[in-house]
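Below is one structure, written out as structure tokens; comments come after it.
Here the structure is a predicted model, which is why all the values come from computation and not from measurement. In the text below, chain A, chain B and the rest are named by the order of the sequence lines, each starting its count at 1.
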Protein chains: 2
Amino acid sequence: MGKAERDNGKAIQRLRGVGLRPTRQRVELAGVLFKGEDRHVTAESLYEEASQQGLRISLATVYNTLHQFTHAGLLRQVVVDAARGYFDTNTGDHQHFFLEDEGALIDIPGDQISVAGVPTPPAGLTVDRVDVVVRVKRA
Amino acid sequence: MGKAERDNGKAIQRLRGVGLRPTRQRVELAGVLFKGEDRHVTAESLYEEASQQGLRISLATVYNTLHQFTHAGLLRQVVVDAARGYFDTNTGDHQHFFLEDEGALIDIPGDQISVAGVPTPPAGLTVDRVDVVVRVKRA
DNA sequence: TCAATAGTTTAGAATTACTCTAAACTATTT
DNA sequence: AAATAGTTTAGAGTAATTCTAAACTATTGA
């Protein structure tokens with residue numbers, strides 16, 4: 001059994017674990033997303049990357065899959081740019097630098113940054129998440 | 001001199017102060033935006049509000065004006081939703097609750113919330129702004 | 001005061017990111 | 001291996017926003 005197959009095996013387990021049927025497209029995208037280090041992608045960037053690797057997959061499926069992975073807790077959506085949606089393979093507690101000039105994201109570990117003094121939300125509402133975005137640009 | 005004229009006078013001064021030619025459209029939108037309390041608008045919501053007040057203005061001009069006001073420091077853009085852009089008349093130091101169910105924003109005073117431990121940005125970059133978004137939903 | 005000019009507005013077309021539809025396809029179940 | 005339940009896809013559709021270029025208006029300078 002080659003390396004590719006082992007990796008595929010892992011992706012398949014992961015998908016089954018969250019109740020997603022391991023179709024070719026999902027397994028391949030999981031392979032691209034979760035192979036190495038944590039990363040940030042947009043639907044378009046992932047579609048291009050997959051296409052360049054020779055994976056046959058439609059853009060609509062990339063969108064579907066990103067949302068399914070997000071609902072399943074495999075990805076997290078990051079809102080930093082009104083123009084496009086970013087997805088992060090790091091679903092743990094952390095925050096982001098956003099490089100406005102390039103549209104790139106860099107993780108900030110969750111134990112490094114701390115937010116104090118968040119007021120109680122209006123009645124009937126609960127805090128879902130506290131997002132911190134450190135917007136940086138060329139000096 | 002009636003109230004409307006005084007208000008217009010103020011809006012005109014304000015626009016000249018930031019180097020924007022006080023056209024009818026800009027003066028009228030400034031009137032709507034800066035008349036009372038701080039507020040959050042989208043291009044579409046401002047366009048509808050202006051239209052209902054009988055102001056003749058195109059949607060394209062509302063978009064242009066929101067961006068010009070933002071560059072001039074009269075407004076601040078708030079990115080909380082990948083689907084639409086929000087503009088805030090409060091340009092001071094503060095943060096936001098975002099009510100995910102309704103798409104509404106509520107200000108959190110800047111002296112109430114504090115962010116510690118923001119790491120030094122990568123070389124060649126400086127911090128433009130630190131945004132905190134407290135996402136809340138129905139309990 | 002009034003033309004010249006420089007900047008502004010606008011309708012409508014264009015663009016971008018994303019979603020929808022329904023027919024073809026595939027994983028799973030029986 | 002057929003039935004079924006879920007998935008993928010091309011292409012159309014949508015929503016927010018930007019672009020274009022012609023008409024318009026505020027400002028400038030004589």
Using a 4.0 Å heavy-atom cut-off, does B/Arg84 contact any base of the nucleic acid, only the sugar-phosphate backbone, or nothing at all? sugar-phosphate
Nearest-angstrom distance from the residue atom CG of A/Leu20 to C1' of C/dT28: 15 Å
Is it true that atom CZ of A/Arg138 has more than 12 heavy atoms of other residues, nucleotides or ligands lying nearer than 6.0 Å? no
Is it the case that the side chain of B/Gln95 and the backbone of B/Val130 share a donor-acceptor pair, with hydrogens and angles ignored and the cut-off at 3.5 Å? yes
Show every ring pair (Phe, Tyr, Trp, His ring centres under 6.0 Å) that has at least one partner inside residues 25-66 of chain B, sequence neighbours left out. B/His40-B/His96
Tell me the side-chain hydrogen bond (donor to acceptor under 3.5 Å, both in side chains) pairs involving residues 64-83 of chain A, sequence neighbours left out? A/Arg26-A/Gln68
Ranking B/Tyr63 and B/Arg21 by the position along DNA chain D of their nearest nucleotide, the one closer to 5' is B/Tyr63
Give the residues of residues 41-61 of chain B touching DNA chain C, defined as any heavy atom closer than 4.0 Å, sorted by residue number. B/Arg56, B/Ile57, B/Ser58, B/Ala60, B/Thr61
Measure the distance from CZ on A/Arg16 to P on C/dA27 and round it to the nearest whole Å. 11 Å
If you count heavy atoms of other groups shown closer than 6.0 angstrom to CD of A/Glu37, is the number above 12? no
Where does DNA chain D pair, written as one dot-bracket string 5' to 3', with Watson-Crick or G-U pairs under 3.5 Å, ( ) inside the strand, [ ] for crossing pairs and | for another strand? ||||||||||||||||||||||||||||||
Where chain B begins and ends its contact with DNA chain D, read 5' to 3' at 4.0 Å from heavy atoms: D/dA16 to D/dT27
Applying salt bridge (Lys or Arg N to Asp or Glu O under 4.0 Å), name anything that partners B/Arg84, two or more places apart in sequence or on another chain. none
Just checking A/Ala83: base, sugar-phosphate only, or nothing, at a heavy-atom cut-off of under 4.0 Å? sugar-phosphate
